[in-house]
There are 2 protein chains.
Amino acid sequence: MDSEDLTGAQLLAAFAALANPHRLRIIAALADGRQYVSLLARQLGMSRPLLHMHLQKLQAAGLVSGELELSEDGKAVKYFEATEFSLHVTPHAIKGLAPTLPEPADNGKETD
Amino acid sequence: MDSEDLTGAQLLAAFAALANPHRLRIIAALADGRQYVSLLARQLGMSRPLLHMHLQKLQAAGLVSGELELSEDGKAVKYFEATEFSLHVTPHAIKGLAPTLPEPADNGKETD
DNA sequence: GACACGTGTAAGAATATTCTTACACCAGAT
DNA sequence: ATCTGGTGTAAGAATATTCTTACACGTGTC
């Protein structure tokens, strides 16, 4: 996940995902290592459905990844971890990606 | 404008400012050099009040700067240029700034 | 069976953002 | 005086995002 390899639309999604204090805290909490959703919600003091929504957005932007596992006592547990992204953002870098930005009217839809 | 020197709240404002295709295009357009508002609006195909709003947000985040000048024929002309920011964003960098993030309930108000 | 603890998701309210339209001001040229 | 071309800003509509509440399912334990 290097900023060099991204399209404008992907970089935009990353910025949108990062533009929220909850989600920055989530990344901070996952920077050390992985954690499962319910415990993470308790650690961050937010409701589990809310955390779920934020994790979806972070995952869609490629900033975290999650995998469902089975714990020893049979429960399904979903662990998330931060991906090792590295975005180097400068005016020049943005200029390079501008041609691949979606039109403001666009809804990011593919040729459907 | 180096990501090392920012607080969490400032980084958050920068991400929020970058999370919009119009604003990324504005930065791209200003990466080469400065331009005044009305012409920039025509180049980007957006209304001047809308551009004005986006420029305010970018300026508040420190990503562009503007200065009002007097042209030779007496008109007030406001030029904007991209600041030379450089944000290096990684999970570890975010973790370092997390303690200075605003509370989600916060409205970013100072001790007023 | 009821409880505890994990998962996911949907509906609707509450907020925040984005965008248009309409206004006001200033200065030079016709 | 009116037109052109710069500036700024306010009000309200249209969208998008955020958040809560309430539901559903599965498994191990009391």
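In what follows, every chain begins at residue 1, and chains take the letters A, B, ... in the order their sequences are listed. In what follows, every heavy atom counts, from backbone to side chain, and hydrogens, waters and symmetry copies are set aside.
If you measure from atom CG of B/Leu58 to atom P of C/dT18, you get 10 Å, rounded to the nearest angstrom. The interatomic distance linking A/Gln56 (CD) with D/dC19 (P) rounds to 16 Å, in whole Å. If you measure from atom CE of A/Met53 to atom P of D/dA16, you get 16 Å, rounded to the nearest angstrom. For the pair A/Glu69 CD and C/dG8 P, the interatomic distance rounds to 13 Å; values are reported in whole Å. The NE2 atom of B/His54 sits 16 Å away from the P atom of D/dG8 (whole-angstrom rounding). Between the C1' atom of D/dG28 and the CD atom of A/Glu72 lies a distance of 14 Å, rounded to the nearest Å. Nucleotide D/dT21 holds its P atom 11 Å from the CG atom of A/Leu50, rounded to whole Å. Regarding A/His22, its NE2 atom lies at a distance of 12 Å from the C1' atom of D/dT17, rounded to whole Å.
Of the candidates B/Leu44, B/Leu58, B/Leu50, B/Leu50 is the only one forming a side chain to side chain contact (heavy atoms under 4.5 Å, CB included) with B/His22.
Residues B/Arg48 and B/Lys57 both approach DNA chain C. Their nearest nucleotides, taken by heavy-atom distance, put B/Lys57 toward the 5′ side. Positionally, the nearest nucleotide of DNA chain D for B/His52 lies more toward the 5' end than for the other of B/His52 and A/Gly74. Both B/Tyr36 and B/Pro49 sit near DNA chain D, but only B/Tyr36 has its closest nucleotide nearer the 5' end.
OP1 or OP2 of D/dT18 has at least one side-chain nitrogen or oxygen of A/Asn20 nearer than 4.0 Å. Applying the 4.0 Å criterion to OP1 and OP2 of C/dC19, one finds that B/Ser47 has every side-chain N and O outside that range. At least one side-chain nitrogen or oxygen of B/Ser38 sits closer than 4.0 Å to the OP1 or OP2 atom of D/dT7. B/Lys75 has no side-chain polar atom (N or O) that falls below the 4.0 Å cut-off from OP1 or OP2 of C/dC26.
With B/Arg23 contributing its side chain and B/His54 its backbone, the two residues share no donor-acceptor pair below 3.5 Å. Distance alone, capped at 3.5 Å, is enough to place a donor-acceptor pair between the B/Thr83 side chain and the B/Leu63 backbone.
With respect to A/Lys75 and A/Glu69, no salt bridge is recorded, no charged nitrogen being found less than 4.0 Å from a carboxylate O.
Counting heavy atoms of neighbouring residues, nucleotides and ligands inside a 6.0 Å radius, atom NE2 of B/His88 exceeds 12 of them.
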